[in-house]
Amino acid sequence: PDDCPGLQSDKLNDAGRALVEFVIICNAIFDSKIADRIQLVHHLPHRRRLNEVAAGKIDVSGSTIFPEAAQTLAVQSPPLISDAAIRVNEFEKAIFTVPGRDDVLAVRSLEALRKFKAVIVKYWVVDVKTLNAMKLKAVVKVTKPDLYARFMEDGRADFVISEFNTATNRPWGKKMVRVPGVKISLISPRIFLVSPQRSDILQAINTYLEKSRAGENDLIKSAFRKAAFFKPEFSNWKLLFPVN
């Protein structure tokens with residue numbers, strides 16, 4: 001328990017989403033006193049990790065997933081799903097296009113954005129779901145993000161949604177520019193997947209999430225801000241979708 005930092009710890013500074021999520025898990029378990037140690041299982045591929053949790057071989061996933069991923073698991077007993085660690089509309093993304101697209105860069109409303117075509121990796125189910133819900137001119141699906149810039153340069157698509165720092169943090173984002181002043185948010189939450197046999201862990205997570213969000217200061221949101229996953233510098237940008 002002494003190795004588990006709190007949600008306000010400086011150890012979370014710029015640490016990213018994954019560490020915040022693990023901190024939520026370890027605090028939830030230690031606060032509930034259902035265990036005094038956590039054994040970590042490292043380096044499992046994403047799909048196998050989810051299947052191992054659903055099969056009861058692992059008690060809980062240390063990072064969150066979208067609920068849609070749990071629905072695709074071929075298991076006898078469905079896994080348990082926690083309350084939202086990242087709620088609907090909290091997972092925000094920027095809009096990117098390629099240089100020279102002044103028409104896209106001028107977008108300031110959902111109505112204006114609907115005149116354009118988005119491109120997105122077809123396997124990113126929640127991004128696809130969000131874009132489809134926006135009622136755009138078209139949603140073009142590709143197999144990998146490396147194709148984004150090419151599709152936009154060729155006129156087969158006009159924009160993509162991605163993390164705010166994509167143009168600097170992703171090799172495939174180097175040719176893209178961010179549309180200023182506007183953003184969207186994904187329409188699915190992020191949850192923890194829990195073994196069907198561990199309802200005690202599910203209760204511990206949900207209790208900790210509720211406690212941490214109570215009161216004037218939402219400690220979950222502030223932890224994601226401290227970790228630089230939620231971006232305070234873009235908080236005043238206009239949210240085009242979903243419409244408030």
Side-chain angles (χ1 to χ4, degrees), residues 1-71 73 75 77-92 126 163 165 169 185-186 188-232:
D2 293 338
D3 295 329
C4 186
L7 289 174
Q8 295 177 297
S9 170
D10 288 341
K11 291 182 179 179
L12 295 181
N13 290 347
D14 299 318
R17 173 174 60 84
L19 184 59
V20 176
E21 292 172 350
F22 180 71
V23 165
I24 291 171
I25 288 290
C26 69
N27 276 293
I29 290 174
F30 294 148
D31 278 14
S32 68
K33 302 189 187 310
I34 56 178
D36 58 10
R37 63 186 294 271
I38 298 172
Q39 180 181 352
L40 303 181
V41 181
H42 294 287
H43 308 308
L44 285 182
H46 174 72
R47 190 75 180 180
R48 182 181 170 192
R49 172 166 53 88
L50 301 188
N51 279 312
E52 296 276 90
V53 172
K57 297 178 181 178
I58 296 176
D59 292 321
V60 59
S61 174
S63 58
T64 63
I65 63 169
F66 291 113
E68 287 82 355
Q71 296 167 4
L73 299 175
V75 291
S77 300
L80 303 176
I81 290 176
S82 77
D83 293 341
I86 299 174
R87 297 180 295 199
V88 173
N89 298 351
E90 286 185 337
F91 196 145
E92 295 180 340
V126 174
E163 284 73 21
N165 294 331
N169 291 359
S185 62
L186 301 180
S188 288
R190 299 277 301 189
I191 54 88
F192 290 104
L193 198 69
V194 182
S195 161
Q197 290 84 46
R198 295 308 304 259
S199 59
D200 56 340
I201 294 179
L202 179 71
Q203 182 177 350
I205 294 171
N206 289 345
T207 298
Y208 184 75
L209 288 170
E210 182 179 5
K211 179 184 77 171
S212 299
R213 286 193 182 273
E216 293 183 6
N217 184 20
D218 184 331
L219 294 180
I220 301 296
K221 288 183 73 171
S222 64
F224 280 120
R225 282 195 294 268
K226 181 181 281 285
F229 177 66
F230 290 170
K231 305 287 189 182

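- For the pair L193/I81, a side-chain contact is recorded, criterion being any heavy-atom separation below 4.5 Å from C-beta on.
- Within 6.0 Å of CD on E68 lie more than 12 heavy atoms contributed by other residues, nucleotides or ligands.
- Ionic pairing of D83 and R213 is not present here: no N-O contact between side-chain nitrogen and carboxylate oxygen is shorter than 4.0 angstrom.
- We find the CD1-CD distance between I220 and E210 to be 11.5 Å, quoted to the nearest 0.5 Å.
- In terms of the ring pair (Phe, Tyr, Trp, His ring centres under 6.0 Å) criterion, F192 has no residue partners (sequence neighbours excluded).
- The structure places CG of N27 at 9.5 Å from CZ of F22, a figure rounded to the nearest 0.5 Å.
- Put simply, the side chain of V20 does not reach to within 4.5 Å of the side chain of K226, judged on heavy atoms.
- Between the CZ atom in R198 and the CD1 atom in I34 there is a gap of 5.5 Å [rounded to 0.5 Å].
- Residues in residues 11-47 take part in these disulfide (SG to SG under 2.5 Å) pairs, two or more places apart or across chains: C4-C26.
- No side-chain donor-acceptor contact under 3.5 Å links K33 to the backbone of F30.
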Exercise for review: Apply side chain to side chain contact (heavy atoms under 4.5 Å, CB included) to R49 and V41, showing your working.
Suggested key: CA-CA 9 Å; R49 172 166 53 88; V41 181; over 6 Å; no
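- Side-chain contact between D59 and Q39: absent, with no pair of heavy atoms (C-beta onward) separated by less than 4.5 Å.
- Considering only heavy atoms from C-beta on, Y208 comes within 4.5 Å of L7 through its side chain.
- To the nearest 0.5 Å, the span separating CD1 on I24 from OG on S63 amounts to 11.0 Å.
- Contact check for L73 versus V53: no side-chain heavy atoms found under the 4.5 Å cut-off.
- Between L12 and A223 the shortest heavy-atom distance is CD1-CB, 4.1 Å.
- Few gaps surround CD on E90; more than 12 heavy atoms of other groups in view lie less than 6.0 Å from it.
- What you find for S188 and V88 is that their closest heavy atoms are C-CG2, 4.1 Å.
- Contact of the K11 side chain with the V23 side chain is not registered, since no non-hydrogen atoms from C-beta on lie closer than 4.5 Å.
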Practice item. Report the C-alpha separation of V60 and I205 in whole Å, then their side-chain angles, then the decisive distance to 0.1 Å, and conclude whether the side chain to side chain contact (heavy atoms under 4.5 Å, CB included) test is met. Key: CA-CA 10 Å; V60 59; I205 294 171; 4.0 Å; yes
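- From I58, atom CD1 reaches atom CZ of R48 across 8.0 Å, with rounding to the nearest 0.5 Å.
- Although no hydrogens or angles enter the test, the distance criterion places a donor-acceptor pair under 3.5 Å between the side chain of S32 and the main chain of I29.
- Taking the ring pair (Phe, Tyr, Trp, His ring centres under 6.0 Å) definition, one finds that F229 meets it with F91, F224, sequence neighbours left out.
- Taking a 6.0 Å sphere around NZ of K221, one finds it holds 12 or fewer heavy atoms contributed by other residues, nucleotides or ligands.
- Side-chain contact check for L80 versus Q197: every heavy-atom pair is 4.5 Å or farther apart.
- Atoms CD and OG, from E52 and S61 in turn, are 11.5 Å apart once rounded to the nearest 0.5 Å.
- A pairwise comparison of heavy atoms in P78 and P196 identifies O-CG, 3.6 Å as the closest pair.
- Looking at heavy atoms from C-beta onward, E92 lies in side-chain contact with S185 at the 4.5 angstrom threshold.
- The minimum heavy-atom distance between S195 and G56, with the atom names listed, is OG-CA, 3.4 Å.
- When atom types are taken as modelled, the side chain of E21 and the backbone of T64 share a donor-acceptor pair closer than 3.5 angstrom.
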